Amino acid sequence: TGAGTFRSALNGKWGVEKKMAATGGFFPAASGACCGASLRFNLGERPFKFKDALPKGRGDAKQVLPFVECAAGDHPAVVAALSAGWGACSALTPSLKEAENVDVRGGGDDATLLGLCVLGGASGGLNSSLIKEGADVNAKDARGWGLLHLAASAGNVAALEMLVETYKLDPNGASSSDGASALHIAASGGHAPAVKRLLELGTMWGIVNGQTGRTPLHEAASAGQVDAMEVLLADAKVDINATNEKNQRRPVHEAWYAGQVEVFWLLLGRGADRAAKDDRGLAVGSFTLGLGSPAGFKGDRKFVTEAVKQ
């Protein structure tokens, strides 16, 4: 049925091409009154409508899909990407090129189709195909995140390698909205393999977020990402006491304030400066710092501070 064909398309399962039912099917036959922008139908909770006049005559899903869009404005290729329907994305790419719309956007942050594929973990072959058809590797989403930021947020190591090695994107590039680099994002998200690969690809371990003053080490500490922290600390060049020039906080301060107990003790065990003070004059080796009573420490100020002094 037409419905089955469309569902298969969204799931990336094209298989044998099927003809749409002429009457009573999910896709009406494209003839006369059945065409037009006002025609609407549904796929589960996703309402769709025909975007333009359909091709004349009956056809398969590959012919019809480029002519429909989600009621919210998403192209079927975008819906397929959001559903990890990589086969559908691949099949729709030629029609997007023909319509000069390879960089069709969608999703909550209005990323391009290529961005959604990178974020969703699509194969390198699909990503390369989209780029070959004209997808912009420098496009950013509504947050100012580029492809490297999206790949880092998903821990997509293969995409990071392809974008840096093949398409020469700068691994140290900051987003236009929050100032984060791909390494900041990977560290905060706990994607240890991505953190390791970004360092190997030339990312500076101490790259500073111009807006927050944080390094990736600060991000990993604040988020309690032990594995990412271990990868960063394995690099002999990494300064465990890297200072945020905006508030004088070291990573160990970030772990304390965020209540990240495991990272806090990890940093102290690796030699973090327990006497270093932030811009409030507080050090993790003082009773004073316990006034914040981070939830992770259950308010046991005396236990923590005494242990730190040992």
Side-chain angles (χ1 to χ4, degrees), residues 5-14 37 43-52 54-55 60-169 173 175-177 182 185 194:
T5 303
F6 192 65
R7 289 192 181 93
S8 293
L10 291 177
N11 290 325
K13 301 173 182 176
W14 288 100
L43 173 66
E45 297 179 354
R46 297 191 184 97
F48 284 80
K49 62 182 179 181
F50 287 116
K51 184 175 181 181
D52 297 301
L54 295 173
D60 59 50
K62 291 184 186 179
Q63 294 174 311
V64 176
L65 280 173
F67 291 85
V68 299
E69 65 177 4
C70 177
D74 286 339
H75 187 280
V78 169
V79 178
L82 291 170
S83 303
W86 310 130
C89 285
S90 179
L92 285 164
T93 297
S95 67
L96 288 171
K97 181 184 180 182
E98 185 177 342
E100 298 182 351
N101 196 25
V102 177
D103 284 321
V104 60
R105 291 175 176 269
D109 294 305
D110 203 32
T112 62
L113 178 59
L114 177 58
L116 293 173
C117 288
V118 167
L119 183 63
S123 69
L126 174 56
N127 295 331
S128 295
S129 175
L130 284 168
I131 295 172
K132 182 179 179 180
E133 297 294 356
D136 183 3
V137 296
N138 295 304
K140 298 181 183 297
D141 67 13
R143 299 168 296 179
W145 281 22
L147 295 179
L148 282 175
H149 301 98
L150 294 172
S153 71
N156 190 339
V157 175
L160 291 171
E161 293 174 338
M162 178 189 75
L163 293 168
V164 174
E165 296 179 333
T166 304
Y167 297 101
K168 309 305 178 184
L169 296 191
S175 74
S176 59
S177 61
I185 294 169

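Note: hydrogens, waters and symmetry copies are ignored here, and every other heavy atom, side chains too, is used. Since the model is a prediction, treat every value here as computed from it, not as a measurement.
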Heavy-atom closest pair, residues G120 and W86
O-CZ2, 3.4 Å
Per side-chain contact (heavy atoms from CB on, under 4.5 Å), L148 is matched among L160, N156, V118, V137 by L160
Evaluation steps, side chain to side chain contact (heavy atoms under 4.5 Å, CB included), between L163 and L169:
CA-CA 6 Å; L163 293 168; L169 296 191; 4.0 Å; yes
Write down the atom of A81, the atom of C89, and the distance for their closest heavy-atom approach.
N-SG, 3.5 Å
For R105 and A111, indicate whether the former's side chain and the latter's backbone hold a donor-acceptor pair under 3.5 Å.
no
Hey, is the main chain of D136 close enough, under 3.5 Å, to the side chain of D103 for a donor-acceptor pair?
yes
Is W145 close to K140 at the side-chain level, that is, under 4.5 Å between some pair of heavy atoms?
no
Distance-only check: which donor-acceptor pairs under 3.5 Å involve side-chain atoms of residues 123-132, not counting sequence neighbours?
from	atom 1	to	atom 2	distance (Å)
S123	OG	L126	N	3.3
N127	ND2	S123	O	3.4
S128	OG	G124	O	2.9

L96 and V104: CA distance, side-chain angles, deciding distance, side chain to side chain contact (heavy atoms under 4.5 Å, CB included) verdict
CA-CA 8 Å; L96 288 171; V104 60; 4.2 Å; yes
Closest heavy-atom contact between A80 and A88?
CB-CB, 3.7 Å
What closest approach, in Å, do G155 and A194 show between heavy atoms, and which atom pair accounts for it?
CA-CB, 4.1 Å
Looking at OG1 of T112 and CG of L114, how far apart are the two atoms once the value is rounded to the nearest 0.5 Å?
5.0 Å
Between S153 and L150 (side chain of the first, backbone of the second, donor and acceptor by atom type, cut-off under 3.5 Å), is there such a pair?
yes
